[in-house]
Every structure is written in C-alpha cells, then in structure tokens.
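Okay, so here's the structure we're looking at.
Every heavy atom of this structure was used, including side-chain atoms; hydrogens, water molecules and symmetry mates were not.
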Amino acid sequence: MKKETVFNITHYQLNHLITNIDTGEIALPDLQRPFVWDNGKVRDLFDSLYKGLPIGMLILWKINENNNEFKPIGLNKKTTPSKLIIDGQQRLTALYAVITGSEIIDKDYKHKQIKIAYNPFEEVFEVQNVIIENDPLWISNITDIFKGNLFSFVNGFIDNLKEKRPDFEFDEGKVQDNISSLKTLETSYQIRAIELASSLDPEEVSEIFVRINSAGKALNQSDFIFTLMSLYWPEGKDEFENFSYEAKKPAEIGNSSFNVINEQPTNENLLRSTISYSFLRGRLRYAYLILKGRNLENKITTEDERVKNFNILKEGVGKVLDLVNWHQFISIIQATGFVNEKMIGSKNALYQTYALYLLGLKYGLKHNELKSTIARWFVFGILTRRYTSSPESIIELELSNFREQDNIIEYLEGIMASELTNDFWEVTLPQRLKSSRSNPAESTYIASKIFEDNNVLFSEIKLKDYLSPLINSPKKQVEKHHIFPKNYLKKDMKLKQVDFNQIANMIYIDYHINIRISDMPPHEYWGIVLDECSESTRDFVSNNYTAAYDLPQEFWNMDYFDFLNQRRKLMANSIKRYYEKL
C-alpha cells in the first residue's frame with residue numbers, strides 16, 4: 001500500500017526566515033551547537049547568495065500544527081515555534097548572525113561576532129581583517145548594510161571614500177547598484193526547504209535526514225532531547241555546556257569540573273548519566289518520549305506529565321553536575337589506577353558507573369559504603385567490555401531492576417560474581433591478552449600496576465606519575481619497550497609485526513635504558529642493565545621481577561612463544577588479584 005507523503009517542499013524568502021527565527025516561529029534547536037563553521041565558509045556562503053547559486057535545502061520538522069505545545073526559546077520571543085531546523089542550522093545560524101549582527105558561540109565556547117566584508121567595485125567578499133577595516137574601498141562589515149537605512153549607508157560610504165581617496169575614480173551609480181543588490185538578497189533570494197510532518201517521530205526524522213543528507217551529521221536521540229531542553233529549559237543545556245567547557249582546563253578562581261584524570265565529558269555523556277539516574281532508563285528514545293510528556297504505562301501524553309518529568313530531569317541534572325558528587329566519583333576512578341582518561345576505552349562504562357554511584361547515594365548509601373563496589377563495577381565494565389555492544393539495551397535492563405528494588409550493592413555484586421568465573425580469569429582473559437592491539441585487558445593490566453604503586457622496570461620512577469595527565473614533558477621519560485626487542489625478533493626469528501608487538505611482550509621502561517638495550521636479546525641485556533641500576537633497584541628487580549612485573553622465572557632463556565603464553569597467564573592472575581583488592 002502506498003504510504004501517505006510525510007513532507008512538502010516550500011520556498012522561503014531570506015528575510016522571512018530571519019524574521020521567523022527572530023520571533024521564535026522557527027526554532028534553532030542546538031542540534032549541532034556550538035557554531036563550527038570557520039569565517040571563510042560564511043564568506044563563501046554570502047558569495048554564493050550574491051551570485052544566485054544554490055546553498056542547499058533546509059529540512060524543517062513541524063512540531064505541532066496547533067502551535068500550543070512548545071514554549072519559545074529565550075525570553076524575548078514573540079511566539080511559540082511551529083518548526084524545528086533539522087538540517088541547515090549552520091547555514092541559518094551564519095545568515096542570521098551576519099544579517100542581524102548577533103553573536104555566536106564558537107567551538108571554544110567563546111562569544112564572537114562574524115564580520116564579513118564586501119568590495120562593491122570588484123563584487124567580492126572577504127573575512128574582515130585589519131587591512132580591510134582601514135581600506136575605504138571595502139565595506140568592512142556587511143551587517144551595516146542589512147541593519148541600516150540603505151540610502152544613508154550608500155551616501156556615507158561614498159562620502160568617506162571621496163574624502164580618503166580623492167584620486168580614486170569610480171561610477172557612483174554602479175556602486176549604489178552593487179550595494180543595493182546585496183541588500184535586496186533579503187527579498188530576492190529564495191531558499192528551498194523540506195518540511196517534515198509533525199506526525200513523524202524522532203527516529204523517522206533521523207532516518208529521513210540521513211537519506212537526504214548522507215554526508216551530514218546523523219542525528220541521534222540525544223539531539224532530540226537537547227532540542228526539547230532548548231525549548232523548555234534552555235538553562236539546563238547551558239549548564240551541561242558550562243560543565244563540559246570548565247572540565248577542559250583548571251579554574252582560575254573557585255572550583256570547577258576540571259579533574260585529576262583530565263576527563264572531559266561531552267554533553268551527551270552527561271545527559272546519559274542524567275537519564276539513567278532520573279528515569280532509570282538506558283534508551284534515550286524512551287527518555288525523549290517521557291520528556292515530551294508521555295506516560296509510558298498508559299501511552300497518554302499530557303502537559304502535566306511533561307512538566308512533572310522536566311522537574312525530575314532538573315533534579316537529576318543538579319545531582320550529575322554537583323561538583324562534590326563529580327569529584328568524589330572521579331577520585332574512585334583514579335584510585336583504581338585509571339589515572340588518565342586516555343586509559344578509559346569505554347565512556348559508556350564510565351558514565352553509567354557514575355549514574356549507578358549517584359543512585360547509590362540516592363538510596364541512602366554513603367560514599368565510603370559505595371566506593372569498593374563502584375570501583376570494581378567500573379573495572380568490571382571496562383574489562384568485560386560490558387557496554388561495547390548494544391549499550392542502551394544493557395543499561396535499560398540493568399536499570400529496570402531498580403524500579404522494583406533499591407539494593408544496588410547486592411545487585412551489582414551478583415552480576416559481577418556471575419560473570420567473573422574461573423573460566424573468565426583462566427581462559428577468557430589470557431586469550432584477550434593475546435593481541436598486538438591495545439584493548440581493555442591491557443589498559444586494566446596497566447591500571448593494576450598503578451594500583452600496586454609499581455615502579456617502571458629498572459627505575460625508581462612511579463608508573464602512576466609517568467601516566468598522570470597533569471605532568472607534561474617535552475621528552476618522554478618512559479617508553480613502552482619490547483621485552484624481546486623488535487629488531488631481534490624480526491632479524492633473528494623472522495617474526496611479523498603481529499607477533500613481536502604482542503601485549504605480553506610490552507613493558508614500560510626508562511627511555512635511556514631502552515636506548516641502552518637497543519636490539520639485544522633479554523639473555524644479553526638483563527644482567528648488563530641490572531648491574532647499571534642502583535643497589536636498591538637491582539635488589540628489588542632481581543628478587544621480584546615475577547611478582548611485580550609478571551615476567552616468568554628466567555624468561556630470558558625461554559622460547560619466545562612459551563614466554564608469551566606464560567606471561568599472559570601471569571598478567572591475567574595479576575589483574576584478578578588487583579580486582580579482588582579493590
């Protein structure tokens with residue numbers, strides 16, 4: 001059966017689009033915020049407009065034909081929006097910012113005005129710079145043309161040019177026509193738009209977006225939730241953005257979200273923690289419906305339900321962005337040995353664990369009661385790759401259990417005990433260490449060595465200090481070293497990269513010692529390097545190289561592949577001991 005058409009194509013005059021955005025009739029939903037275009041791209045956009053070239057179609061989504069469900073964005077809007085911009089936000093933001101002179105927020109979260117210059121003699125556009133600003137042949141900011149009286153502006157421009165360049169000959173009529181041509185783009189240029197029906201749901205809208213614009217950013221459920229926040233609670237979106245921005249560098253005054261492992265959350269990371277905590281939901285699709293006012297039990301959508309659920313969201317955002325909660329949680333992660341965010345391969349594991357930590361506090365547990373279980377759950381999530389495949393389904397199932405009970409520790413401990421069996425430690429984990437690529441098993445192993453406060457091999461440098469993100473050095477003190485050197489394995493044993501780059505053949509070592517070892521096999525360098533160490537280091541390494549570094553006894557005399565097998569077992573056992581100590 002032929003489906004009913006879910007879109008129509010229409011044309012907008014440029015000034016009508018600007019007016020509709022200014023009044024709030026069309027809502028810029030922050031789907032791709034902040035503004036990511038550079039000024040050169042904005043210049044090219046106006047050049048295309050001026051030459052009558054197409055600038056692409058917009059995709060708009062009708063929100064509500066009765067226009068009574070959504071609130072305006074900001075306090076100065078004159079009406080409620082009836083359409084959201086699904087594709088074309090960057091283009092419209094650029095047009096709106098230049099024509100109205102409004103500031104944008106750039107990718108560094110700084111407020112700035114986009115200034116595009118125009119030369120009416122050569123009919124070219126350029127990004128404003130100091131030279132152009134002082135050149136009377138240029139209109140240094142075309143915003144002045146769109147905002148002011150055209151007749152007064154042209155006369156002022158010509159009078160200024162005659163004063164500063166009396167020797168310059170030009171056709172005043174042509175200059176007036178060219179400036180007028182730019183000004184009249186507001187009414188002469190038509191922009192095509194696809195308007196999607198209000199009956200479509202977010203998943204259908206996202207699919208249409210991808211089909212129409214396969215090169216664009218595929219929308220996801222978080223985009224639509226942020227759209228709702230922009231409509232109903234724009235301050236909440238700002239709070240997420242401020243928290244994310246402040247995590248990028250230490251605060252000059254006061255406290256901030258900047259942290260010791262240099263974890264820099266995205267808005268979506270924080271949103272997922274909030275949705276898990278607030279609604280016990282892992283699927284953002286459900287959260288979107290809830291925030292629209294849908295009761296998932298009776299399938300009825302009401303304004304009262306929307307208001308109630310947004311109040312729940314606000315309370316959740318407050319907990320997630322609370323600096324005490326955030327830093328207490330980060331301290332748990334750091335204490336596990338994951339001292340650098342680069343070691344954390346799964347952000348889903350990190351932010352779902354954060355939500356579980358907050359739920360524990362909500363259910364009346366104290367930080368000290370929670371930290372052991374939360375620490376092990378985080379490591380468990382990383383090590384087992386729990387949230388790598390179908391994370392929303394797994395989180396949804398996890399959280400559904402707390403709708404009936406609130407014994408979070410008992411539940412989490414039960415899952416960990418059921419999955420971390422002897423087979424996992426003795427078979428699965430060694431097999432996962434059989435790899436030449438970095439993976440969660442390797443990062444967990446490194447964390448275990450940091451947790452044990454290990455020194456780097458043959459050194460008094462602490463591994464945790466070397467891997468700390470707060471330490472910057474122009475030259476690396478420590479490097480990953482091939483225990484059986486790479487060139488030795490290539491030349492003498494004719495092995496391939498996949499063999500000599502095995503995780504079990506790697507260990508951190510002082511880079512001076514690494515240079516000293518060069519291509520020597522371990523039966524040659526071991527004694528030489530030990531003799532050159534300090535007495536305390538020599539004694540420790542000689543007596544503890546198996547316990548501290550998981551190197552098999554007299555490994556230097558072993559067959560290389562036997563060495564790998566034995567070391568993987570030692571590494572897996574080391575990870576197990578570490579996990580049990582957390």
*Under 4.0 Å between a Lys/Arg side-chain N and an Asp/Glu carboxylate O for Glu315 and Lys362?*
no
*State plainly whether the residues Arg281 and Glu396 are in salt-bridge range, i.e. N to O under 4.0 Å.*
yes
*Taking side chain as C-beta onward, heavy atoms only, is Ile191 less than 4.5 Å from Leu14?*
yes
Using atom types as modelled, flag every donor-acceptor pair under 3.5 Å from a side chain in residues 574-582 to any protein atom, sequence neighbours excluded.
from	atom 1	to	atom 2	distance (Å)
Ser574	OG	Lys449	NZ	3.0
Tyr578	OH	Thr336	O	2.6
Lys581	NZ	Glu452	OE2	2.9

*Under 30°, 30 to 60°, or over 60°: which ring-plane class applies to Tyr357 and Phe329, parallel, tilted or perpendicular?*
tilted
*asked:* Strictly distance-based, threshold 3.5 Å: is any side-chain N or O of Tyr354 a donor or acceptor partner for the main-chain N or O of Val320?
replied: yes
_Any side-chain heavy-atom pair of Ser257 and Leu323 under 4.5 Å_ = yes
*Pairs meeting criterion salt bridge (Lys or Arg N to Asp or Glu O under 4.0 Å) with involvement of residues 326-345, two or more places apart*: Glu341-Lys347
*asked:* Tell me whether Tyr12 at atom OH has more than 12 heavy atoms from other residues, nucleotides or ligands lying less than 6.0 Å away.
replied: yes
_Any salt bridge linking Glu392 with Arg285? Criterion: basic side-chain nitrogen under 4.0 Å from a carboxylate oxygen._
no
*asked:* Ring of Phe258, cation from Lys248 - is the NZ or CZ under 6.0 Å from the centre and inside 45° of the axis?
replied: no
_Could you work out, with salt bridge (charged side-chain N to carboxylate O under 4.0 Å, His left out) as the rule, every residue matching Lys464, not counting sequence neighbours?_
Asp453
*Give the intermediate values and the outcome of side chain to side chain contact (heavy atoms under 4.5 Å, CB included) for residues Tyr288 and Leu284.*
CA-CA 6 Å; Tyr288 173 80; Leu284 294 188; over 6 Å; no
*For the residue pair Trp233 and Phe226, is the inter-centroid distance of their aromatic rings smaller than 6.0 Å?*
no
_Regarding Glu442 and Lys480, does a basic nitrogen lie under 4.0 Å from an acidic carboxylate oxygen?_
yes
*For Gln221 and Tyr286, does a side-chain donor sit closer than 3.5 Å to a side-chain acceptor?*
no
*For the pair Arg403 (side chain) and Leu280 (backbone), establish whether a donor and an acceptor sit closer than 3.5 Å, ignoring hydrogens and angles.*
yes
*Determine yes or no for a side-chain-to-main-chain donor-acceptor pair under 3.5 angstrom, with Arg306 supplying the side chain and Ile290 the backbone.*
no
*Within the distance-only criterion (no hydrogens, no angle test), does the side chain of Asn407 pair as donor or acceptor with the backbone N or O of Glu410 below 3.5 angstrom?*
yes
*Does any N or O in the side chain of Trp37 come within less than 3.5 Å of the main-chain N or O of Ala94, such that one atom is a donor and the other an acceptor?*
no
*For Asn262 and Gln264, does a side-chain donor sit closer than 3.5 Å to a side-chain acceptor?*
yes
*Does Ser468 offer a backbone N or O that forms a donor-acceptor pair with the side chain of Asn340 under 3.5 Å?*
no
_Tell me whether the rings of Trp326 and Phe243 are parallel (<30°), tilted (30 to 60°) or perpendicular (>60°)._
perpendicular
